[in-house]
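Numbers restart at 1 for each chain; the letters A, B, ... are given by sequence-line order, proteins then strands. Just so you know, these numbers use all the heavy atoms, side chains as well, and skip hydrogens, waters and symmetry mates.
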There are 2 protein chains.
Amino acid sequence: MTSTASLHEFCARRGDLAAPCRLCGAREFNLCQALDGGQQVKLFALAHRLQLGKRCRLFSAGDPVRYVYNLTEGTVCLSRSLADGRRQILGFLLPGDFLGFEPGETHRCDAETLTEAKACRFERPVFEEFLQDNADAALHLLRLASTDLAQAARHEVLLGRKTATERIASFLLDLRQRSGARHLRTQPLALPMTRSEIADYTGLTIETVSRVLGRLRSGKLIELIGASAVRILDDSELERLSGSA
Amino acid sequence: MTSTASLHEFCARRGDLAAPCRLCGAREFNLCQALDGGQQVKLFALAHRLQLGKRCRLFSAGDPVRYVYNLTEGTVCLSRSLADGRRQILGFLLPGDFLGFEPGETHRCDAETLTEAKACRFERPVFEEFLQDNADAALHLLRLASTDLAQAARHEVLLGRKTATERIASFLLDLRQRSGARHLRTQPLALPMTRSEIADYTGLTIETVSRVLGRLRSGKLIELIGASAVRILDDSELERLSGSA
DNA sequence: GGGACGCTTTGAGCAGGATCAAACGCCCAG
DNA sequence: CTGGGCGTTTGATCCTGCTCAAAGCGTCCC
C-alpha cells in the first residue's frame, strides 16, 4: 500500500511518530481518541492501513473472521441476505465506525465500500490482546458498540413500524445527522448509495423509494441534485414527517 | 428485598462467600462466567439484587441512566415507541442478558418484565469503574454486546425483508434456540408475551399474528397449548418456512 | 363456582406498497 | 459528439397484511 508508506514517511519527517494517528482524518471519532500517545503508537504498530476502491468487498457472510476494521475515510455498506437474494442493509458506515467485530468464527454479513475508502485493519486476536492490556480502549469500544446498538434500535423501529414516507424522511435526517457529526458536507448531502441500496436499507422497493423522493421534491421539502445528492429545504417539516424518534 | 437477604445468609452459612455467584441460576451465561473468584466477590459487593414481579417497569424512555442490569431469572421486554403510540419491541431478554448499558445520559427505550424476574443491578459509574480495572470483564461485555448486535441484525432482516409467515416462524425458532441455550424448557415452549407483544416484535398486527399461528396449527407444524405455550411439531418445515438466516 | 373482563380468534372489506411494464435521462466509452 | 447501457422515474394493476367488527374463550377474582 503506497499510501501507508507515504503516510509513515510523512510522520517520520515531521518527527511525529509519537502520535501517528494525529494525521488521521477520523482521529476525532476513532478508537484512538480514547488512547494516550503511547497507546496510540502501540496500536498503530498493529494496524495495517488499507486503501480501498469503490465497490470493494471487505468480507462476505461465511468468511472466517480474521480482522477487525476501523473506517477512517469513505462509506461502507453492511448487509445481510436471505438465500433467495432478498437483502437487508443494516447500515451505512462513516469515518470512525468500527466493523468486523462479530461473535463466532465466521462473518454473518457482507461489507462493501460504496466510495473509495481508507481503513485501519487489525488481526482480531492481536487486537483483542491489545484490548486486554488497555481497559480504557476496551471500555471505549464498548461505548461504540452501545451506540451501534442504539442505532440498530432506531432502525428496527423504522423497519417495523414506520410508513414509506416516514422511512425515507428518517433515513435522510439520520444520514445528515451522522454525516454532520463527522464534519462531512451536509448541504448538499451526498448519497453515495444507489436507490436499490436505499430500498434495501428502508425495507422498501426502488420504485417506492423513487416515488417518495419525488413527492418530497414536489412538496419542496428537498431538492434532488442528480441522483446522488440531496439538499434538505424544510428541516422541520421533514422532521415532522419522519415520525421522529 | 427479602430474597437478597436470604440469599446472602445462605451463602454465609455455607461458607461460600468466596464465590457467591455460584448460587446464581444464570452463572453460566452471565458476566460472572468470565471472572475469577476474587473478581466475582468484588463485583458481587457492587451488586444490588432485585426481585421483580410480573409486568414491572425497570426503566422508561427519557429516564436518566442510573443503573445497568444483569438479568438472572425471568423474561424482560425491551421496546421503543413513537409519539403516536406505535411500538416496536426490540427483543425479549432471557437470563444472562445485560440491559441498560446505553450511550448518553437518558434511556431511549422501555424495559419491563413479562414474568417474575431477578436481576443484579449496578450503579453505572461504579460498574464502569469496575470494568476499567478488569479488562477481562470489559472484553467479555464487549463480546456480549457484539452478540446483541448480531441478534439485532437478524431482527432487522426479519422486519425489513420477511413475510408474515417467515416472521412468526423465525420468532418461534429464535425464541426456542435462545431458551434452549439457557437451559429453559423448550418443549413445550413458554410464550410469556401476549399476542400484542409478538405483533410489536414482528412488526405485524395481533390479527395477523393470530391468523399465522392458526395456519401453522392447522398445518400441524405447531401445537398451541393455551395462548401462552407452544409445541413445535415439525422443526424442519418450520425452519424452511422461516426463510432461515 | 360463577361472572366479567380482557385477550384471542375469526371474518369482511380496504389500502399501502409490491409487482410488472415501459420510458426517461445521465454518464461514460468510443 | 454520439450511441449504448444502466440506474432511475413514472404508470397500471395486484396482493399481502391492515382496519374495522364481532364472537369466543380462558382466567382470575369475588
Go through DNA chain C in 5' to 3' direction and return only the first and the last nucleotide with some atom under 4.0 Å of chain A's heavy atoms. C:dG17 to C:dC20
Mind listing the closest non-hydrogen atom pair of B:Thr205 and B:Ala199 along with its distance? C-CB, 3.6 Å
Those residues at least two apart in sequence (or on a different chain) that pass salt bridge (charged side-chain N to carboxylate O under 4.0 Å, His left out) with A:Arg176 are A:Asp235
For the pair A:Asp174 and A:Arg167, find out whether any cationic side-chain nitrogen is under 4.0 Å from an anionic carboxylate oxygen. no
If each of A:Arg161 and A:Ser196 is mapped to the nucleotide of DNA chain D with the nearest heavy atom, which maps nearer the 5' terminus, i.e. the 5' end? A:Ser196
In whole Å, I'd like the distance from the CG atom of B:Leu159 to the P atom of D:dG17. 13 Å
Check this one for me: any side-chain N or O of A:Ser210 less than 4.0 Å away from OP1 or OP2 of D:dT9? yes
All pairs passing ring pair (Phe, Tyr, Trp, His ring centres under 6.0 Å) where residues 148-170 of chain B contributes a residue, at least two apart: B:His155-B:Tyr201
Determine the minimum heavy-atom distance between A:Ala229 and A:Pro188, stating which atoms define it. CB-CB, 4.5 Å
Pair B:Met193, B:Phe92 - check side chain to side chain contact (heavy atoms under 4.5 Å, CB included), show working. CA-CA 9 Å; B:Met193 62 295 288; B:Phe92 299 110; 3.8 Å; yes
For a quick check of understanding: with a heavy-atom distance under 4.0 Å over all strands, which category does A:Thr194 fall into, base, sugar-phosphate or nothing? sugar-phosphate
Side chains of A:Ser60 and A:Arg57: any donor to acceptor distance under 3.5 Å? yes
Do any side-chain atoms of residues 211-223 of chain B form donor-acceptor pairs under 3.5 angstrom with protein atoms, and if so which ones, sequence neighbours left out?
{"from": "B:Ser218", "atom 1": "OG", "to": "B:Gly214", "atom 2": "O", "distance (Å)": "2.8"}
{"from": "B:Ser218", "atom 1": "OG", "to": "B:Arg215", "atom 2": "O", "distance (Å)": "3.4"}

Report the distance from atom CD1 of A:Ile168 to atom C1' of D:dT9, rounded to the nearest whole Å. 14 Å
Hey, which of these two, B:Arg195 or A:Ala164, hits DNA chain C nearer its 5' end, going by closest nucleotide? B:Arg195
Under 4.0 Å between any heavy atoms, over every strand shown, what does A:Leu213 touch: base, sugar-phosphate, or nothing? Just pick one. nothing
What integer distance in Å separates B:Ile206:CD1 from D:dG17:C1'? 14 Å
Heteroatom pairs (N/O) under 3.5 angstrom, protein to nucleotides 11-14 of chain D:
{"from": "D:dG11", "atom 1": "N7", "to": "A:Arg211", "atom 2": "NH1", "distance (Å)": "2.8"}
{"from": "D:dG11", "atom 1": "O6", "to": "A:Arg211", "atom 2": "NH2", "distance (Å)": "3.3"}

For residues 58-76 of chain B, which residue pairs pass the salt bridge (Lys or Arg N to Asp or Glu O under 4.0 Å) check, not counting sequence neighbours? B:Glu73-B:Lys118
Output yes when a side-chain donor or acceptor of B:Thr115 lies under 3.5 Å from a complementary backbone atom of B:Thr75, and no otherwise. yes
Once you round it to whole Å, what is the distance between P of D:dG7 and CD1 of A:Ile198? 14 Å
For residues 196-205 of chain B, which residue pairs qualify under salt bridge (Lys or Arg N to Asp or Glu O under 4.0 Å), counting only residues two or more places apart or in two chains? A:Arg161-B:Asp200, B:Arg55-B:Glu197, B:Arg87-B:Asp200
Contact residues, residues 214-222 of chain A to DNA chain D [heavy atom, < 4.0 Å]: A:Arg217
Check A:Cys109 against A:Glu102 and note the closest heavy-atom contact, atom names and distance. SG-OE2, 3.7 Å
Taking side chain to side chain donor-acceptor pair (under 3.5 Å) as the definition, give me every residue that meets it alongside B:Glu105, ordered by chain and number, with sequence neighbours left out. B:Arg124
Looking at A:Ser81 and A:Asp110, what are the two nearest heavy atoms and their distance? OG-OD2, 4.4 Å
Set of residues satisfying salt bridge (charged side-chain N to carboxylate O under 4.0 Å, His left out) with respect to A:Asp234, sequence neighbours excluded: none
Can you tabulate the close N/O pairs, meaning under 3.5 Å, that link protein atoms to atoms of nucleotides 22-29 of chain D?
none

Polar contact flag, side-chain donor to acceptor under 3.5 angstrom, A:Lys162-A:Ser170: yes
Quick one: bend of the helix from C:dG1-D:dC30 to C:dG30-D:dC1 from 5 pairs per end, to 10°? 50°
